[in-house]
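To find a chain, count down the sequence lines: A is the first, B the second, and so on, and within it residues start at 1. Because only heavy atoms are used, hydrogens play no part in the values below, and waters and symmetry mates are left out as well, while side chains stay in.
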2 protein chains.
Amino acid sequence: MTKDSKIPNSTIERLAFYSRPLEALLKDGPPIISSEKLAGLCGVNAAQVRKDLAYFGEFGVRGVGYEIKALLREIKRILGTDRKWTLCIVGIGNLGISLVENENFRKRGYVFVAAFDSDARKVGTRLPCGLTVEHEGNIGKVVKALEIKIGVITTPARAAQRVAGILSKAGIKAILNFAPIQVRTPERCIIENVDFSVRLENLVYHLERLYKGENTRKKQT
Amino acid sequence: MTKDSKIPNSTIERLAFYSRPLEALLKDGPPIISSEKLAGLCGVNAAQVRKDLAYFGEFGVRGVGYEIKALLREIKRILGTDRKWTLCIVGIGNLGISLVENENFRKRGYVFVAAFDSDARKVGTRLPCGLTVEHEGNIGKVVKALEIKIGVITTPARAAQRVAGILSKAGIKAILNFAPIQVRTPERCIIENVDFSVRLENLVYHLERLYKGENTRKKQT
DNA sequence: AGGAAATTGTGAAATAATGCACATGAATGG
DNA sequence: CCATTCATGTGCATTATTTCACAATTTCCT
Ligand SMILES: NC(=O)c1ccc[n+]([C@@H]2O[C@H](COP(=O)([O-])OP(=O)(O)OC[C@H]3O[C@@H](n4cnc5c(N)ncnc54)[C@H](O)[C@@H]3O)[C@@H](O)[C@H]2O)c1
Ligand SMILES: NC(=O)c1ccc[n+]([C@@H]2O[C@H](COP(=O)([O-])OP(=O)(O)OC[C@H]3O[C@@H](n4cnc5c(N)ncnc54)[C@H](O)[C@@H]3O)[C@@H](O)[C@H]2O)c1
């Protein structure tokens, strides 16, 4: 294959997924893994693993398996996580703080280089990670100056749509939105909405059915 | 229809999704909405909306549309969000705090009634929301006493799997896990893993393709 | 060297989800 | 009271995704 003949979105999701156990194995595991084993670790079908990878090239050796180190490198290259990405965040509340202070992002190459808030009391404060909170009005200037391409929104829902517009206008090309509202941007900009409540509602739905014995078993996310 | 002849999981996701704009309209909007309008607000196909709803009954009136108030009530009933759910949370770090303090959950009927941590310095402290942090060793006792069915994990990755086991053993039936690891439980227990990095990786993949003009346009999440 | 065992890559089949298009029923207005 | 308009519910075609199953390679063992 190797040609990107319509790669399913779910394949991309799974690639990120596969990389987790692979990273763990890199430290203290065998140097090679089979699609069967990897599939087992991720709770998916082995053919699925092979097909997902085959969209992008032939990374395995027949009769042998996949070399973990090389495979991980390829996956990172495909996903674009082999390089550093700079992010900005708007809305420095509880969730915002927890995101900028989170170690995992930095480890994966996602570095917050600017933080904005509209609250005068927060503007100017220095966060533990070293960033200083700037006023929301400076988004345009800072984003352009630092050439930031990804923005994270952690403002209340009512502000999210407006903030998305500002980010988009400032040149941001991708937005990760945590406010519980479906934001849209006019210009070409990729949006990913993350809504924890939706995840909980999903859980609750299946939980109710669990007791009634209806088979609504869902695949793990 | 009305019979649950294999309801797609994505239908459930979308139901939660539909409820957002509906709630907003409930306050200051018309009393009736068409599938066309609702679909527009959610960025999906109108037939999809109708089909999703039709799995559970006939909630609309031909030639008219759906009565918003009634529709919302039905969706909530379906999802199981028409009643209160009690949750417990394990791992009171930055993310844990932000979750228990979050207003939205409470508004939607998800109430945290117990918080656990293994750090002696945190145990005993009283959180702004009123909860007192208890020691992780008490999970079994407390969960059983309060008959909690849903657990949230916000511990570091290395502790997540063990915590999931403890929760499951304590009688927890559904787990929302934020640690960046795929947790599994032996007993019948529904797990939903939420990994922000996966969302970011997704975004980055599409972002890279965006410039190259390859059409990897993804539907908004 | 040659056969057995392992495991990939992939076409084809099976399964699942989406979207079209229209019959059907409700409301409106003359 | 009939015609027109509107919008639902749904059978069916279409499109997308997953899984099966097997030929193709590689390794290992004798
Ligand atoms: N905290 C959670 O666990 C959680 C969970 C799910 C969703 N969310 C959502 O994430 C968002 C943030 O949650 P939070 O708990 O951090 O809320 P928060 O109230 O603690 O923080 C929101 C911050 O945004 C700032 N802000 C408001 N309007 C702004 C604007 N126009 N420009 C810039 N900054 C602005 C506020 O000053 C505040 O600092 C909310 O929409 C919330 O619903 C949070
Ligand atoms: N903070 C974020 O924005 C964010 C984003 C994505 C993922 N996550 C993940 O969520 C988890 C928590 O993130 P955080 O930023 O709050 O981390 P944190 O280090 O601030 O908090 C972790 C808490 O868990 C407690 N803990 C450790 N082991 C425990 C155990 N066995 N039982 C009970 N409690 C235990 C610690 O004492 C600490 O209070 C991590 O796995 C992190 O990777 C966080």
Whole-Å gap separating [atom2] ([N]) and [atom1] ([X]):
X        : N       : atom1 : atom2 : result
Gln48(B) : dC20(C) : CD    : C1'   : 13 Å
Asn45(B) : dT14(D) : CG    : P     : 16 Å
Phe59(B) : dA26(C) : CZ    : P     : 18 Å
Leu53(B) : dG19(C) : CG    : C1'   : 16 Å
Lys6(A)  : dT14(D) : NZ    : P     : 15 Å
Asn9(A)  : dA17(C) : CG    : P     : 15 Å
Lys51(B) : dC12(D) : NZ    : P     : 11 Å
Glu58(B) : dG25(C) : CD    : P     : 10 Å

Exercise. With Ala16(A), which residues qualify under side chain to side chain contact (heavy atoms under 4.5 Å, CB included), at least two apart?
Worked result: Leu79(A), Val198(B), Glu201(B)
Exercise. What residues, two or more places apart in sequence or in another chain, satisfy side chain to side chain contact (heavy atoms under 4.5 Å, CB included) together with Arg62(A)?
Worked result: none
Do any side-chain atoms of residues 156-174 of chain A form donor-acceptor pairs under 3.5 angstrom with protein atoms, and if so which ones, sequence neighbours left out?
residue: Gln161(A); atom: OE1; partner: Arg184(A); partner atom: N; Å: 3.1
residue: Gln161(A); atom: NE2; partner: Arg184(A); partner atom: O; Å: 2.5
residue: Arg162(A); atom: NH2; partner: Glu136(A); partner atom: OE2; Å: 3.3

For this session: Please list residues of residues 27-38 of chain A whose heavy atoms come under 4.0 Å from any atom in DNA chain C, ordered by number; otherwise none.
Result: Ser34(A), Ser35(A)
For [X] against [Y], the heavy-atom pair lying closest together:
X         : Y        : value
Pro21(B)  : Leu38(B) : CG-CD1, 4.2 Å
Glu147(B) : Thr86(B) : O-OG1, 4.5 Å
Tyr18(A)  : Cys42(A) : CD2-SG, 3.7 Å

Problem set entry | ring pair (Phe, Tyr, Trp, His ring centres under 6.0 Å) partners for Phe105(B), two or more places apart | none
Among [options], find the nucleotide with the atom closest to the side chain of [X].
X        : options                   : value
Pro8(B)  : dA17(C), dC20(D), dT10(D) : dA17(C)
Ala47(B) : dC20(D), dC20(C), dT8(D)  : dC20(C)
Ser10(A) : dG19(C), dT17(D), dT19(D) : dT17(D)

Exercise. Taking only side-chain nitrogens and oxygens of Tyr66(A), does any of them come within less than 4.0 Å of OP1 or OP2 of dG9(C)?
Worked result: yes
For this session: Using a 4.0 Å heavy-atom cut-off across all strands, classify Thr11(A) as base, sugar-phosphate, or nothing.
Result: nothing
Exercise. More than 12 non-hydrogen atoms from neighbouring residues, nucleotides or ligands closer than 6.0 Å to CZ on Arg106(A), yes or no?
Worked result: no
Exercise. For Glu36(B), does the CD atom sit with more than 12 other heavy atoms under 6.0 Å from it, leaving out its own atoms?
Worked result: no
Seminar exercise, completed: B/S/- along nucleotides 22-30 of chain D (protein heavy atoms under 4.0 Å) is --BBBS---
